[in-house]
Trainee: 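This is the structure, below, for whatever I ask next.
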Number of protein chains: 2
Amino acid sequence: MARDEFVAQWGSLGTQWGINRTMAQIHALLMTAPEPMCTDEVMEKLEISRGNAHTNLKDLVGWNLVRIITKKGDRKEYFEAEKDVWKIFITISKERKRREIEPAIHLLRDCADRTKDEAAGPGRAFHQQMKDLDEFLSFGVKVADTVITMKHASALQWAMRLLG
Amino acid sequence: MARDEFVAQWGSLGTQWGINRTMAQIHALLMTAPEPMCTDEVMEKLEISRGNAHTNLKDLVGWNLVRIITKKGDRKEYFEAEKDVWKIFITISKERKRREIEPAIHLLRDCADRTKDEAAGPGRAFHQQMKDLDEFLSFGVKVADTVITMKHASALQWAMRLLG
DNA sequence: CGTTATTTTCAGATTTTAATGAAATTGTGA
DNA sequence: TCACAATTTCATTAAAATCTGAAAATAACG
């Protein structure tokens, strides 16, 4: 079945992305699930332990890629992935900005600050390199923040203008 | 010293990016080195083995983030990192496209193809999801390809228009 | 309350990834 | 061709990440 293939392969691709295999597989599974799934269904489908399923489901919720659904008269939690591609993109961009880019900017600023008095000598070039990297990433964040708040159609229109 | 701090911390950040710590550290070291460095200098500075230094230096060369310099009358290889931020960005974008995005697109197309006859039933939504993801990533690649071939100034101008 | 379904945690086991160091290979100059 | 410097490989070891399974905690229901 194509869906099983997708789930398995998306998991492998995930590892190359620096995401753990199970988390990527669960994401793929939920993204292609017609209905929200509960922990036991995920466990069974992927043949993984409860602890593993639980941890990764909650991590996905932490990434805002998956939300918890409750059905009345049923005390289990069900999990549903965001399926809208633009929303997925926005979510991942926000999270990566927060987890990966902002800490880097802080480091760069700190290192630039610490060397700002070294007008001459080897520290000069280092200071400038830190500033250049900071400036670039900060500008990138600004662009990302703008795109993140755009509607899909507006972003598309903007990008289309670039493509000519 | 600020540079040592930068090298160490860039290494830690690297792991969150899915890059191995040593590779990120070597990259940070070379990016802030006033002169190209040889394997022994890298080994000594980071206190790592020859094999480790060698492997990661060559991986960085494979990423096109570092190039090999030879000095006449000296048979050692020296390593120099690209320092221009825009060029680093272009290089990383190209490599990530090739290593991470394109394989994903192939998977999505394959899965879409295999289910294109399922006009009704549960396969319908799956097929559409694969197509949506493919379309989005493919469009992203087009945009990236355009940006990648731009001069820094042009890209800046384009982005500035977005920011208003 | 007590019972039961469900979620959460976490110590230990397993798997994966990365690093070491020494041996093998390559290449240069005398 | 030989000696030597440097690079490369790779079996082994070490470290980090991930997974399991069962126990503990939580919370819904009568």
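Because the structure is a prediction, the values reported are computed rather than measured. Numbers restart at 1 for each chain; the letters A, B, ... are given by sequence-line order, proteins then strands.
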Trainee: Please state how far atom CD in Glu41(A) lies from atom P in dT7(C), giving the value in whole angstrom units.
Mentor: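 The distance from CD of Glu41(A) to P of dT7(C) comes to 11 Å, rounded to the nearest Å.
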Trainee: Give the rounded distance in Å between these two atoms: CE of Met43(B) and C1' of dT8(D).
Mentor: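 About 13 Å, once rounded to whole Å.
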Trainee: Can you name the side-chain hydrogen bond (donor to acceptor under 3.5 Å, both in side chains) partners of His54(A), sequence neighbours left out?
Mentor: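 Counting only residues at least two positions away or on another chain, His54(A) forms no side-chain hydrogen bond (donor to acceptor under 3.5 Å, both in side chains).
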Trainee: Reading DNA chain D from 5' onward, which residue's closest nucleotide shows up sooner: Asp74(A) or Thr39(B)?
Mentor: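 Taking each residue's closest nucleotide, the earlier one in sequence belongs to Thr39(B).
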Trainee: Whole Å only: how far is the CG atom of Asp40(B) from the C1' atom of dT7(D)?
Mentor: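 Value for this atom pair: 11 Å.
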Trainee: Using whole Å, what does the distance between atom P of nucleotide dG21(C) and atom CD of Glu47(B) come to?
Mentor: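 Rounded to whole Å, this separation is 12 Å.
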Trainee: Would you tabulate the nitrogen or oxygen pairs shorter than 3.5 Å linking the protein to nucleotides 25-27 of chain D?
Mentor:
none

Trainee: Asn20(A) and side chain to side chain contact (heavy atoms under 4.5 Å, CB included): which partner among Thr15(A), Asn52(A), Thr55(A), Asn56(A)?
Mentor: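 Single pass found, and it is Asn56(A).
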Trainee: What's the shortest heavy-atom distance between Glu118(A) and Gly123(A), and which atoms?
Mentor: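 Smallest heavy-atom distance, with atoms named: OE1-CA, 3.1 Å.
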Trainee: Please tabulate, for side-chain N and O atoms in residues 134-142 of chain A, each donor-acceptor pair with protein atoms closer than 3.5 Å (sequence neighbours left out).
Mentor:
from: Asp134(A); atom 1: OD1; to: Arg109(A); atom 2: NE; distance (Å): 3.3
from: Asp134(A); atom 1: OD1; to: Arg109(A); atom 2: NH2; distance (Å): 3.3
from: Asp134(A); atom 1: OD1; to: Ser138(A); atom 2: OG; distance (Å): 2.8
from: Asp134(A); atom 1: OD2; to: Arg109(A); atom 2: NE; distance (Å): 2.9
from: Ser138(A); atom 1: OG; to: Arg109(A); atom 2: NH2; distance (Å): 3.0
from: Ser138(A); atom 1: OG; to: Asp134(A); atom 2: O; distance (Å): 2.9

Trainee: List the residues meeting side-chain hydrogen bond (donor to acceptor under 3.5 Å, both in side chains) with Lys131(B), not counting sequence neighbours, and say none if there are none.
Mentor: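 Lys131(B) satisfies side-chain hydrogen bond (donor to acceptor under 3.5 Å, both in side chains) with no residue once adjacent residues are dropped.
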Trainee: Whole Å only: how far is the NZ atom of Lys72(A) from the C1' atom of dA28(D)?
Mentor: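 Rounded to the whole Å, the gap is 17 Å.
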Trainee: May I ask you to check if Arg99(A) and Trp63(A) form a cation-pi contact, with NZ or CZ under 6.0 angstrom from the six-membered ring centre and within 45° of the axis?
Mentor: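 Yes, Arg99(A) lies over the aromatic ring of Trp63(A).
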Trainee: Nearest-Å distance, CG (Asp59(A)) to C1' (dC19(D))?
Mentor: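 After rounding, the gap between these two atoms is 13 Å.
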Trainee: Identify the pairs formed between an N or O of the protein and an N or O of nucleotides 9-19 of chain C at a distance under 3.5 Å, and give each distance.
Mentor:
from: dA19(C); atom 1: OP1; to: Thr22(B); atom 2: OG1; distance (Å): 2.3
from: dA19(C); atom 1: OP2; to: Asn52(B); atom 2: OD1; distance (Å): 2.9

Trainee: Taking CG from Leu57(A) and P from dT8(C), how many angstroms apart are they, rounded to a whole number?
Mentor: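 Going from CG in Leu57(A) over to P in dT8(C) covers 10 Å.
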Trainee: For Ala112(B) and Met130(B), which heavy atoms make the closest approach, and how far apart are they?
Mentor: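 Minimum heavy-atom contact is CB-CB, 3.9 Å.
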Trainee: Does a side-chain N or O of Lys76(B) approach OP1 or OP2 of dT7(D) to a distance below 4.0 Å, or not?
Mentor: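 Negative; the distance criterion is not met.
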Trainee: When the aromatic ring centroids of Trp10(A) and Trp17(A) are compared, is their separation below 6.0 Å?
Mentor: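 No; Trp17(A) has its ring centre 6.0 Å or more from that of Trp10(A).
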Trainee: Taking ILVMFWY side chains as joined if any heavy atoms are under 4.5 angstrom apart, and letting links pass through other members, which residues group with Tyr78(B)?
Mentor: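 Once heavy-atom contacts under 4.5 Å are chained together, Tyr78(B) belongs with Ile69(B).
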